[in-house]
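Worksheet: the structure to be examined is printed underneath.
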Amino acid sequence: MSSPVNYTLTGNIGVIRVDNPPVNALSHAVREGLLDAFETAAGDASEALLLICEGRTFIAGADISEFGQPPREPFLPDLCDRMEVSAKLFVAAIHGTALGGGFEVALSADYRCASPSARVGLPEVKLGLLPGAGGTQRTPRLAGVEAALQLMTSGAPIAAPMAGETGLVDEIIDGDLLEGALDYVRKLLADGAPQRRTSALAVPEHDPAIFDRFRATLAGKARGQVAPQAIVDCVEKAAATPYEDGAAYERQRFTELMNGGQSKALRHFFFAERAAAKIDDLPKDVAVRPVDSVAVIGGGTMGGGIAMTFANAGIPVTLVEIDDDALERGLAIIDGNYAGSVKRGKLSEDKAAACRALITGATDYAQLADVDLVIEAVFEDPNLKKEIFAKLDAVCKDGAILATNTSYQDVNAIAAATGRPQDVLGLHFFSPAHIMKLLEVVRGAATADDVLATCMQLAKRIRKVPVVAGVCYGFIGNRMLQPYAAQTQLLLLEGATPEQVDTAMEDFGMAMGPLRVFDLAGLDVGYKARQSLSDEQKGDPGSYRVPDQLVEAGRLGQKSGSGFYSYDENRRPTPDPEVHRIIEAAAADLGVERRTVSDDEIVDRLVGALVDEGRKIVDEGIAQRASDIDVVYVYGYGFPAFRGGPMFYADNQGTA
Ligand code: 3HC
Ligand code: NAI
């Protein structure tokens, strides 16, 4: 088999090309190829070496699919050290993304040049790891301690021009990268530029208190996660000891993390997210439909956020409301959201204005005649939705995709209100829709393959993570929420308090405990939904007695200042003895003897409720695979990624 690394001489410059699609990951063959290239170059007439990559990107990191297998030489840290001591000037030319081990290879070069659109980063923390090929030691030497800590603990890549400002990139090259990089190397040679070994540089002056500051911030921001704290330890070591000692320490901490549960879970999650984008029974060559214009019906909580999502991706949106007043209200909320993004520094004023300009309002369905995709986000009323789909059927052009954002309604019944059920599906966004990454793509019984394929591809364009779900009440995520919510209420009756349940789940890693979530969403929503159900449909009275009584006492959640907690003017919760009294009275009324409930029992029963429903969802074919459920729960419901999602967590606990 031919090597993915090719070495040729261009004049006096040895050019090393890596060609390992799709992302030039540092597989064993690439590491071997790089080592061979350096050995060859050591003995030839080259005066300098240039490393460049083929395809869409520079090396995007170690090969994650090799993790967990027996390591094979050459090991990446040794390879980086070997490249760094090359007797010949060594330059890396970066395009696309130089990530993780890929960027660590570049840090071993004497100089780095990059296309202006390139991005560099050390995202290992997102895999529960730290940069393990000298990255924690070399980055602070070039960029300083604070920038290095920021880069590695966030895992977020930065654009090449910014990397230039922090000292991580030396030259930005406009135009053809190979030509420009060769010129750059020639200039370095002509100027007699010295070799510059990153590991030999001193770590710049810094405030020694910075390490504890980062530790404290990360203890809150990355609660429960081990990798971010280990990164701080390694950078502190870099500042305190010679490179060799720091590198040995880095390797020890990297190995610990690699063998630990959090990294295994996050690696599972990395591949789960990518698997979710694939539909097993869809032919690979399905032609997608063009989507260059979108309409959103209903400019409320969801419709406004959905409109912003498309506008932010450069796709023009028509927002349709019931009348001028409602339209004005909807557009004003969008204006407020954009102003907030500018204020928080998330968007520049120009960018926000350009996105906002892509959203136009309408109250007349006739304006939808030419759009490629319509997303309905009106009240959760099945008859209203069917009425709207019948209207869309009458006005929209042939081939337009008609989607509903319904949370619970039967997508097949909605499709049946049209004469083109093949063009109908669910696109279930999560609130706030312009921020939450998850998109449940609900496949109706008649949904055409190309409609599905188009929406999966579109999801990526609008920067969402799509997961396919079949039609059932609540699809994947909200269906699982029901037994989870019921179990929460049973725990309260049996002896737990709201604050104990929430703290136990937040310590487990949930972004927010269940009762705080209910208070945020509004207890009246579930209450109203239950009013239309028979006692039999409502199920165990223990699962709704307390929230019903709270609503009847005027406690609707955050919006009324009290729910399972009392809230101050900043919506900060405090435990409320009145709620404890209501719970105790409900338990007594239902004949439940209260007892001490442990935190472990809370976690086991709540996660168990999710897993049990998740298993049914997979068995029924509503989800394609168990890992899709993990993606839904991490991206849609605040389940900790470092536990891999509920199904992965369960597998690792033993299903019993
Ligand atoms: N190893 C193995 N496979 C990888 C990979 C990697 N580092 N990065 C991407 N892939 C695979 C994906 O699984 C996917 O495979 P599939 O087509 O079979 O599903 C394919 O490459 C394309 O990936 P994406 O769909 O993610 O492509 P995008 O264009 O959307 O994104 C990317 C490209 C930004 C490079 C993104 O893939 C990414 O972020 N990759 C991970 C980068 C990373 O985490 N690097 C650090 C690795 S750890 C490390 O280097 C340790 C070192 O410090 C010792
Ligand atoms: P909302 O009440 O905030 O907004 C609904 C909007 O639809 C209102 O502005 C209303 O004026 C408009 N509307 C009603 N009839 C209309 C018509 N005939 N033509 C045009 N506009 C009309 O409701 P929300 O919360 O935005 O929910 C919308 C849909 O999204 C529902 O199906 C809901 O189940 C679903 N959903 C809601 C989520 C949430 O967290 N709020 C999350 C995911 C989905």
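Both counts, for ligands and for their atoms, begin at 1 and track the order of listing. Just the heavy atoms: all of them, side chains too, but no hydrogens, waters or symmetry mates, feed the values below. As the structure is a computational prediction, the values presented were derived from the model and not from experiment.
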Show the short N or O contacts, below 3.5 Å, that ligand 1 makes with protein N or O atoms; if there are none, say 'none'.
unit_1   : atom_1 : unit_2 : atom_2 : d
ligand 1 : 1 (N)  : A62    : O      : 3.4
ligand 1 : 1 (N)  : I64    : N      : 2.9
ligand 1 : 7 (N)  : A62    : O      : 2.8
ligand 1 : 19 (O) : K278   : NZ     : 2.6
ligand 1 : 26 (O) : R274   : NE     : 2.7
ligand 1 : 26 (O) : R274   : NH2    : 3.1
ligand 1 : 27 (O) : R56    : NH2    : 2.9
ligand 1 : 29 (O) : R56    : NH2    : 2.7
ligand 1 : 30 (O) : K460   : NZ     : 2.9
ligand 1 : 45 (N) : A60    : O      : 3.0
ligand 1 : 50 (O) : A62    : N      : 2.9
ligand 1 : 50 (O) : G101   : N      : 2.7
ligand 1 : 53 (O) : E104   : OE1    : 2.7
ligand 1 : 53 (O) : E124   : OE2    : 2.5
ligand 1 : 53 (O) : G132   : N      : 3.0

Salt-bridge test for [X] and [Y]: reply yes if a basic N is under 4.0 Å from a carboxylate O, no otherwise.
| X | Y | result |
| --- | --- | --- |
| K386 | D381 | no |
| R329 | D323 | no |
| K559 | D519 | no |
| E66 | R31 | yes |
| E380 | K385 | yes |

Distance to 0.1 Å, residue and atom name: give those for the protein heavy atom nearest to [atom].
| atom | result |
| --- | --- |
| atom 30 (O) of ligand 2 | N405 ND2, 2.9 Å |
| atom 43 (C) of ligand 2 | F429 O, 3.1 Å |
| atom 19 (N) of ligand 2 | Y365 OH, 3.3 Å |
| atom 27 (O) of ligand 2 | M302 CG, 3.9 Å |
| atom 40 (O) of ligand 2 | S431 CB, 3.3 Å |
| atom 29 (C) of ligand 2 | V378 O, 3.2 Å |
| atom 8 (C) of ligand 2 | E321 OE2, 3.4 Å |
| atom 18 (N) of ligand 2 | I388 CD1, 3.6 Å |

[X] to ligand 2, any heavy atom closer than 4.0 Å:
| X | value |
| --- | --- |
| F379 | yes |
| E387 | no |
| G330 | no |

Just by distance, do the side chain of [X] and the backbone of [Y] share a donor-acceptor pair under 3.5 Å?
| X | Y | answer |
| --- | --- | --- |
| S115 | S117 | no |
| H434 | I306 | no |
| E104 | A133 | yes |
| R267 | Q262 | no |

inquiry  = For F648 and H268, take the angle between the two ring planes, folded into 0 to 90°, and tell me which bin it lands in: parallel under 30, tilted 30 to 60, perpendicular over 60.
reply    =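 Correct class here is parallel.
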
message = For Y633 and Y637, take the angle between the two ring planes, folded into 0 to 90°, and tell me which bin it lands in: parallel under 30, tilted 30 to 60, perpendicular over 60.
response =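 Taking Y637 first and then Y633, their aromatic rings lie parallel (interplane angle under 30°).
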
For [X], atoms of ligand 2 separated by under 4.0 Å from a heavy atom:
| X | value |
| --- | --- |
| I297 | 19 (N), 20 (C) |
| I322 | 15 (N), 16 (C), 20 (C), 21 (N) |
| K385 | 31 (C), 32 (O) |
| T301 | 3 (O), 25 (O), 26 (O) |
| V320 | 20 (C), 21 (N) |
| H428 | 43 (C), 44 (C) |
| S407 | 33 (C), 34 (O), 35 (C), 36 (N), 37 (C), 43 (C), 44 (C) |

Spacing of L257 atom CG and S263 atom OG [to the nearest 0.5 Å] =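 L257 CG to S263 OG: 7.0 Å, rounded to 0.5 Å.
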
message = Tell me whether E376 has any N or O atom under 3.5 angstrom from an N or O of ligand 2.
response =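 No, E376 has no N/O under 3.5 Å of an N/O on ligand 2.
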
ask   = Should T406 be counted as touching ligand 2, given the test is an N or O pair under 3.5 Å?
value =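 N/O-N/O distance below 3.5 Å does not exist for this pair.
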
query = Have Q367 and T318 got a donor and an acceptor in their side chains that come within less than 3.5 Å?
reply =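 Q367 vs T318: no donor-acceptor pair found between side chains.
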
key: Counterpart residues, side chain to side chain donor-acceptor pair (under 3.5 Å), relative to R461 (two or more places apart)   =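 If we apply the side chain to side chain donor-acceptor pair (under 3.5 Å) test to R461, skipping adjacent residues, there are no hits.
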
ask   = Partners of F67 by ring-ring contact (aromatic ring centres under 6.0 Å, His included), sequence neighbours excluded?
value =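 With sequence neighbours excluded, F67 shows a ring-ring contact (aromatic ring centres under 6.0 Å, His included) to no residue whatsoever.
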
With sequence neighbours excluded, residues passing side-chain contact (heavy atoms from CB on, under 4.5 Å) with S199 =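 Counting only residues at least two positions away or on another chain, S199 forms a side-chain contact (heavy atoms from CB on, under 4.5 Å) with E84, R138, Y243.
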
key: Proximity winner for atom 4 (O) of ligand 2, if only heavy atoms of A362, G300, G299 are counted   =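 It is G300 that holds the nearest heavy atom.
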
